[in-house]
Amino acid sequence: NAGVTQTPKFQVLKTGQSMTLQCAQDMNHEYMSWYRQDPGMGLRLIHYSVGAGITDQGEVPNGYNVSRSTTEDFPLRLLSAAPSQTSVYFCASSYSGGTTDTQYFGPGTRLTVL
Amino acid sequence: GENVEQHPSTLSVQEGDSAVIKCTYSDSASNYFPWYKQELGKRPQLIIDIRSNVGEKKDQRIAVTLNKTAKHFSLHITETQPEDSAVYFCAASKGTNAGKSTFGDGTTLTVKP
């Protein structure tokens, strides 16, 4: 199993550009989430999904869109990039059931907005 | 919403000493409390977790304690080693949805040889 994969690893955008960060998991997990991590801070939840076709906002959703058409994929769209969106973005997935809720994180995408 | 506070922000210990990191949470409905270790440039990785129906859990040199009444939980690392140096994050979530976790701001642990 590849686990959780993210592409690209690095990206530089100009203010106003749009792009999609890709996230995929092959563990058949129901839950998937997007977090951003700014220097010296913890992870903040952007959007999450409890299953295909179901998404909801997290703590910092403004400027981002998500959709979940399949169990495996959960892309994050930046609509009009701003310097404040410079951050490291982590996708995570988890299987909720039984006795474990372990979140598995992808390797991250480091985004710089100029 | 949930608020998680983590202390200290930095912690330096000598190899072999113990390290303790503490977190408090605000939502009494939270019932799942994981701890993650993040090495520089890497992804967070779960090292131990605890549910609200358990007061303590141990895995070799790592233990977590939970006080539901006071709404705080702690990570204990004994016999620290240089490879324990990393940033540690606590988190809290409700129900069985760890995917909607609230994280603390992290503790940078440095273990001096």
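A, B, ... follow the sequence lines: proteins, then strands. Residue 1 opens every chain.
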Considering residues, nucleotides and ligands other than [X], do more than 12 of their heavy atoms fall under 6.0 Å from its [atom1]?
{"X": "B:E83", "atom1": "CD", "answer": "yes"}
{"X": "A:I54", "atom1": "CD1", "answer": "yes"}
{"X": "B:Q81", "atom1": "CD", "answer": "yes"}

OH of B:Y36 to CD of A:Q103: how many Å apart, nearest 0.5 Å?
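The CD atom of A:Q103 is 4.5 Å from OH of B:Y36, to the nearest 0.5 Å.
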Euclidean distance, A:L45 CG relative to B:E2 CD, rounded to 0.5 Å
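These two atoms lie 12.5 Å from each other.
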Would a hydrophobic clustering, with Ile, Leu, Val, Met, Phe, Trp and Tyr connected at side-chain separations under 4.5 Å, put [X] with [Y]?
{"X": "B:L46", "Y": "B:I77", "value": "no"}
{"X": "B:I47", "Y": "B:F103", "value": "no"}
{"X": "A:F74", "Y": "A:M19", "value": "yes"}
{"X": "A:L43", "Y": "A:Y64", "value": "no"}

Under the side-chain contact (heavy atoms from CB on, under 4.5 Å) test against A:F105, which residue among B:R43, B:Q38, B:Q45 passes?
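Going through B:R43, B:Q38, B:Q45 one by one, the side-chain contact (heavy atoms from CB on, under 4.5 Å) with A:F105 is satisfied by B:R43 alone.
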Tell me, out of A:Q37, A:M32, A:R44, A:H29, who's got the most heavy-atom pairs with chain B below 4.5 Å.
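That would be A:Q37.
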Side chain, backbone, both or neither of B:P34 within contact of chain A (heavy atoms, under 4.5 Å):
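It is neither, since no heavy atom gets under 4.5 Å.
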Would you mind checking which part of A:E59 comes under 4.5 Å of any heavy atom in chain B, side chain (CB onward), backbone (N, CA, C, O), both or neither?
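Interface part for A:E59: neither.
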Name the region of A:V88, side chain, backbone, both or neither, that has any atom closer than 4.5 Å to a heavy atom of chain B.
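When you check distances to chain B, no heavy atom of A:V88 falls under 4.5 Å.
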Shortest non-hydrogen contact between B:P44 and A:F90, atoms and distance
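In terms of heavy atoms, the two residues are closest at CD-CE2, 3.9 Å.
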By side-chain contact (heavy atoms from CB on, under 4.5 Å) - contacts of A:L114 (at least two apart)
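Expected list: A:V12, A:T112.
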Using a heavy-atom distance cut-off of less than 4.5 Å, which residues of residues 104-113 of chain B contact chain A?
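From residues 104-113 of chain B, the residues near chain A are B:G104, B:D105.
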